[in-house]
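These notes are about the structure you will find just below.
Just so you know, these numbers use all the heavy atoms, side chains as well, and skip hydrogens, waters and symmetry mates.
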Number of protein chains: 2
Amino acid sequence: MARRQDRAAGGTNGTPDGGKALKRKTTPTISDVAALAGVSTATVSKSLNGRDGISPTTRAKVVAAAEQLGFRSNALAQSLLSGRSYTVGLITNDSFGRFSIPVMLGAEDALQAGQIAVLLCDGRDDPIRERHYIRTLAARRVDGIMVTGRRADPRPPITLDFPIPVVYAMCESTDPRDASIVPDDEHGGTLAVEHLLATGRTSIGHVTGPSDFRAVRLRAAGAEHALRRAGLSLAGGGPLHGSWSEEWGRQAATILLRARGDLDAVFCGSDQIARGVADGLRAAGCAVPDDVALVGFDNWTVMTEASRPPLTTIDMNLPLVGRRAAETLLASIEGTATSGTELVPCQLVVRESTRV
Amino acid sequence: MARRQDRAAGGTNGTPDGGKALKRKTTPTISDVAALAGVSTATVSKSLNGRDGISPTTRAKVVAAAEQLGFRSNALAQSLLSGRSYTVGLITNDSFGRFSIPVMLGAEDALQAGQIAVLLCDGRDDPIRERHYIRTLAARRVDGIMVTGRRADPRPPITLDFPIPVVYAMCESTDPRDASIVPDDEHGGTLAVEHLLATGRTSIGHVTGPSDFRAVRLRAAGAEHALRRAGLSLAGGGPLHGSWSEEWGRQAATILLRARGDLDAVFCGSDQIARGVADGLRAAGCAVPDDVALVGFDNWTVMTEASRPPLTTIDMNLPLVGRRAAETLLASIEGTATSGTELVPCQLVVRESTRV
DNA sequence: CGGCAGGATGAAAAGGATTTCAACAGCTTT
DNA sequence: AAAGCTGTTGAAATCCTTTTCATCCTGCCG
């Protein structure tokens with residue numbers, strides 16, 4: 001199956017650390033430090049943790065001994081005693097795809113600041129697997145659980161048979177008593193259309209994904225609100241629903257142009273669709289942004305930058321979603337629980353496709 | 001910053017679990033189970049862990065008591081005693097991007113089978129941050145560490161002041177005594193060119209990324225080997241180096257066509273480049289695959305499927321890289337250490353761009 | 001000089017689970 | 001009936017750290 005590369009050096013060395021091995025057999029414990037410093041473990045603990053009631057001389061002695069031994073306090077023992085593991089579980093069902101990752105990074109960053117580590121659990125949309133993970137996390141006595149996933153309709157809450165704070169990021173829980181953090185899709189749709197209106201466009205189409213996605217409906221609603229406030233409505237009579245693909249974007253471009261000769265802008269439900277629309281428009285001899293302006297959704301740079309021209313788009317601030325989820329979870333762990341859904345605002349990112 | 005959605009229900013409920021709260025104050029311990037079953041904790045432990053020397057009657061009684069209390073053994077306490085945390089740290093410097101994710105998923109899958117959990121650490125290419133994480137992982141007494149990252153040249157090994165097994169996945173360590181698992185890029189290059197040769201192409205160009213990437217050099221070397229064996233050489237005299245972008249692919253297509261009128265195939269260093277080449281060729285009136293066949297690299301479906309036509313490409317088997325890394329790490333934890341670099345073979349994925 | 005306040009230190013318990021070894025009950029064997 | 005054996009069970013030690021509370025010592029005041 002795999003082949004091993006020949007190497008001049010190191011091939012004969014069977015130990016994991018090679019010449020880097022240290023003399024020490026096991027990692028030093030607080031008792032080792034105590035023995036070396038000639039004090040009790042209690043004194044070591046207090047010295048190293050900055051408790052007062054320790055004379056500067058003793059403290060210095062202990063610190064030196066700890067240093068010399070390379071002592072690192074055993075977090076497991078600390079957790080056992082404190083009852084807090086300073087760990088949270090992160091369950092995803094997006095297989096850490098395009099949407100989960102930024103959320104996860106934002107969350108990890110916020111948690112790490114609180115000295116909290118993250119245990120990874122890839123649920124793979126398998127409820128059994130998810131149950132298994134929840135049991136594992138329970139056994140490990142995590143302080144909280146964060147559930148994230150692909151963007152879709154609200155999901156049933158995870159079932160715990162023990163009381164641990166849970167926060168849902170990106171994927172809302174159907175139980176309104178749970179805390180969920182999601183992007184404000186409706187607001188995103190509004191932002192996109194308001195930008196198009198502000199640049200003087202009036203005949204605006206909307207090409208988007210399947211209508212059974214809640215996000216699709218919300219973005220369209222936001223767009224239509226903005227239009228209505230301007231006394232307008234969607235070109236083509238309503239959103240054009242299709243798949244989340246460039247191919248659909250290409251087709252939709254043709255459809256829109258045929259239906260409305262005066263089309264001067266298209267707001268798309270994703271950057272992938274937008275890129276397809278851009279290609280479709282160009283193939284039809286229609287210039288972007290001179291004839292038709294284009295706004296995408298997601299700010300997925302792979303698409304926005306590769307598109308010709310680069311796409312103006314809506315950024316969902318996913319790292320912020322993750323960060324807020326982490327903060328909410330932390331607060332909940334500290335005892336200040338929240339419930340309900342928090343919407344994180346989207347942001348307009350302007351590029352050439354809406355140049356005036 | 002964020003706005004909170006109004007909800008009819010749940011708004012007033014301040015507790016984290018709302019009505020779902022259980023009566024139990026704290027999670028039950030083994031002593032609780034022992035008390036309920038009327039036996040000692042030793043007996044409970046043996047009963048629940050399938051040790052023998054326990055009568056069936058007692059075992060049943062204990063199991064029933066544990067069930068009734070919803071007892072779950074505290075993994076922290078177990079770890080403290082056993083000296084093994086059944087946890088490994090995963091340090092990445094790719095911010096879990098396109099390359100790390102599949103590797104990570106493969107690894108997580110293999111580790112999970114060994115009942116081992118994964119602690120997430122995003123190093124962000126910051127050595128200080130990385131150090132910090134290593135200290136945290138040490139304190140948590142992880143059984144091993146897995147280092148992964150963006151594909152590039154070998155990286156300096158992480159420095160540990162304690163003996164823990166480490167495995168490098170995707171990013172090779174410069175120390176040959178370390179265990180590293182990486183895709184076999186050279187083999188990938190060979191596979192691509194052999195496929196083109198097998199479909200009757202003879203004038204084959206190579207458009208790829210910057211030459212300071214080791215992967216770029218290896219893929220080119222593999223391609224040239226295959227050509228040499230067939231008595232041929234690269235059209236254009238050698239690899240065309242540029243950026244990892246579609247734009248470069250488009251330009252390179254023009255360059256190659258201008259230099260070689262008889263060009264009948266292009267092997268690209270990435271799917272992104274290949275897609276650009278496909279667009280460039282089409283724009284120049286050159287049909288893919290009828291006039292020129294195309295092979296990409298990465299099997300990044302976003303690119304391969306959206307390209308017209310869909311791209312034949314090389315898959316690096318990243319989940320397998322992760323899986324092998326996990327297996328190597330597990331073996332190392334169990335005492336069977338390995339050193340040196342293991343190459344995971346690539347795989348040809350045929351699509352329309354090389355149709356005959 | 002005795003008593004006392006106050007600071008520094010250490011013994012011991014706690015946290016939850018596992019394992020060893022001793023004790024014990026019940027049975028068989030001589 | 002005594003000795004020996006087998007099969008169950010539990011007391012206690014162990015893993016490592018933190019915290020409480022008692023103890024001890026020093027120096028100060030009366």
Side-chain angles (χ1 to χ4, degrees), chain A residues 24-63 65-66 69-87 115 136 138-143 162, chain B residues 24-63 65-66 69-87 115 136 138-143 162:
Chain A
R24 222 184 308 116
K25 269 106 180 55
T26 63
T27 49
T29 72
I30 199 172
S31 312
D32 299 329
V33 179
L36 180 61
V39 297
S40 72
T41 61
T43 305
V44 174
S45 176
K46 286 178 217 159
S47 304
L48 263 29
N49 293 316
R51 298 274 169 288
D52 44 42
I54 297 290
S55 73
T57 340
T58 311
R59 194 181 297 266
K61 208 165 51 180
V62 169
V63 168
L69 259 41
F71 169 75
R72 304 249 85 222
S73 184
N74 185 331
L76 265 36
Q78 288 176 316
S79 294
L80 182 56
L81 193 56
S82 68
R84 281 204 49 184
S85 62
Y86 288 91
T87 306
Q115 299 277 43
T136 305
R140 289 175 185 268
R141 300 294 191 265
V142 293
D143 297 332
F162 47 91
Chain B
R24 223 182 305 117
K25 268 111 181 56
T26 64
T27 49
T29 73
I30 198 172
S31 312
D32 298 330
V33 178
L36 180 61
V39 297
S40 72
T41 61
T43 304
V44 173
S45 176
K46 286 177 218 162
S47 303
L48 262 31
N49 293 315
R51 300 271 170 290
D52 45 42
I54 296 290
S55 72
T57 339
T58 311
R59 193 180 298 264
K61 208 165 51 180
V62 170
V63 168
L69 258 42
F71 170 75
R72 304 249 84 221
S73 184
N74 185 331
L76 264 39
Q78 290 175 314
S79 295
L80 182 56
L81 190 57
S82 67
R84 283 204 47 186
S85 63
Y86 289 89
T87 306
Q115 299 279 44
T136 305
R140 288 175 186 267
R141 300 292 191 266
V142 293
D143 297 333
F162 48 91

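Which of dT18(C), dA11(D), dT19(D) sits closest to the side chain of T41(B) comes down to dT18(C). In the set dT17(D), dC15(D), dT9(C), dT17(D) carries the atom at the smallest distance from any side-chain atom of R141(B). With dG10(C), dG10(D), dA17(C) as the choices, the nucleotide that has an atom nearest any side-chain atom of T29(B) turns out to be dA17(C). With distances taken from any side-chain atom of A42(B) to the nucleotides dT20(C), dT19(D), dT17(D), the minimum falls on dT20(C).
The CZ atom of R84(B) sits 12.5 Å away from atom CD of Q78(B), with the distance rounded to the nearest 0.5 Å. Here the straight-line distance linking atom CZ of F71(B) with atom OG1 of T27(B) works out to 9.0 Å at 0.5 Å rounding.
Atom CG of L80(B) and atom P of dA13(D) are 17 Å apart (whole Å). One atom, CD1 of I30(A), and another, P of dA11(C), lie 14 Å apart when rounded to the nearest Å. Counting to the nearest Å, the P atom of dT17(D) and the CG atom of L48(A) are 10 Å from each other. Distance, L81(A) CG to dA13(C) P: 15 Å, rounded to whole Å. Rounded to whole Å, atom P of dG16(C) lies 18 Å from atom CZ of R140(A). In this structure, the CD1 atom of I54(B) is 12 Å from the C1' atom of dT18(C), given to the nearest Å. When rounded to the nearest whole Å, the span between CZ of F71(B) and C1' of dA17(C) equals 8 Å. In this entry the distance linking NZ of K46(A) with P of dG10(C) reads 9 Å, nearest Å.
T43(A) has a side-chain polar atom (N or O) that falls below the 4.0 Å cut-off from OP1 or OP2 of dG10(C). For the pair N74(A) and dC15(D), the criterion of a side-chain N or O lying under 4.0 Å from OP1 or OP2 is not met. Side-chain nitrogen and oxygen atoms of R51(A) include none within less than 4.0 Å of the OP1 or OP2 phosphate oxygen of dT18(D).
Using a 4.0 Å heavy-atom cutoff across all strands shown, S45(A) reaches at least one base atom of the nucleic acid. In this structure, V44(B) reaches neither bases nor backbone, as no heavy-atom distance under 4.0 Å exists between it and the strands shown. Looking at heavy-atom distances under 4.0 Å, L76(A) makes no contact with the nucleic acid at all. If you check every strand for non-hydrogen atoms under 4.0 Å, T58(A) touches sugar and phosphate atoms only.
Here the rule is side chain to side chain contact (heavy atoms under 4.5 Å, CB included) with V33(B), and of T43(B), V39(B), T41(B), V44(B) only V44(B) fits it.
In terms of position on DNA chain C, the residue among Q78(A) and N49(B) whose nearest nucleotide sits closer to the 5' end is Q78(A).
At least one donor-acceptor pair under 3.5 Å links the side chain of R51(A) to the backbone N or O of N49(A).
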Decide yes or no on side chain to side chain contact (heavy atoms under 4.5 Å, CB included) for S73(A) and L48(A), but give the supporting numbers first. CA-CA 9 Å; S73(A) 184; L48(A) 263 29; over 6 Å; no
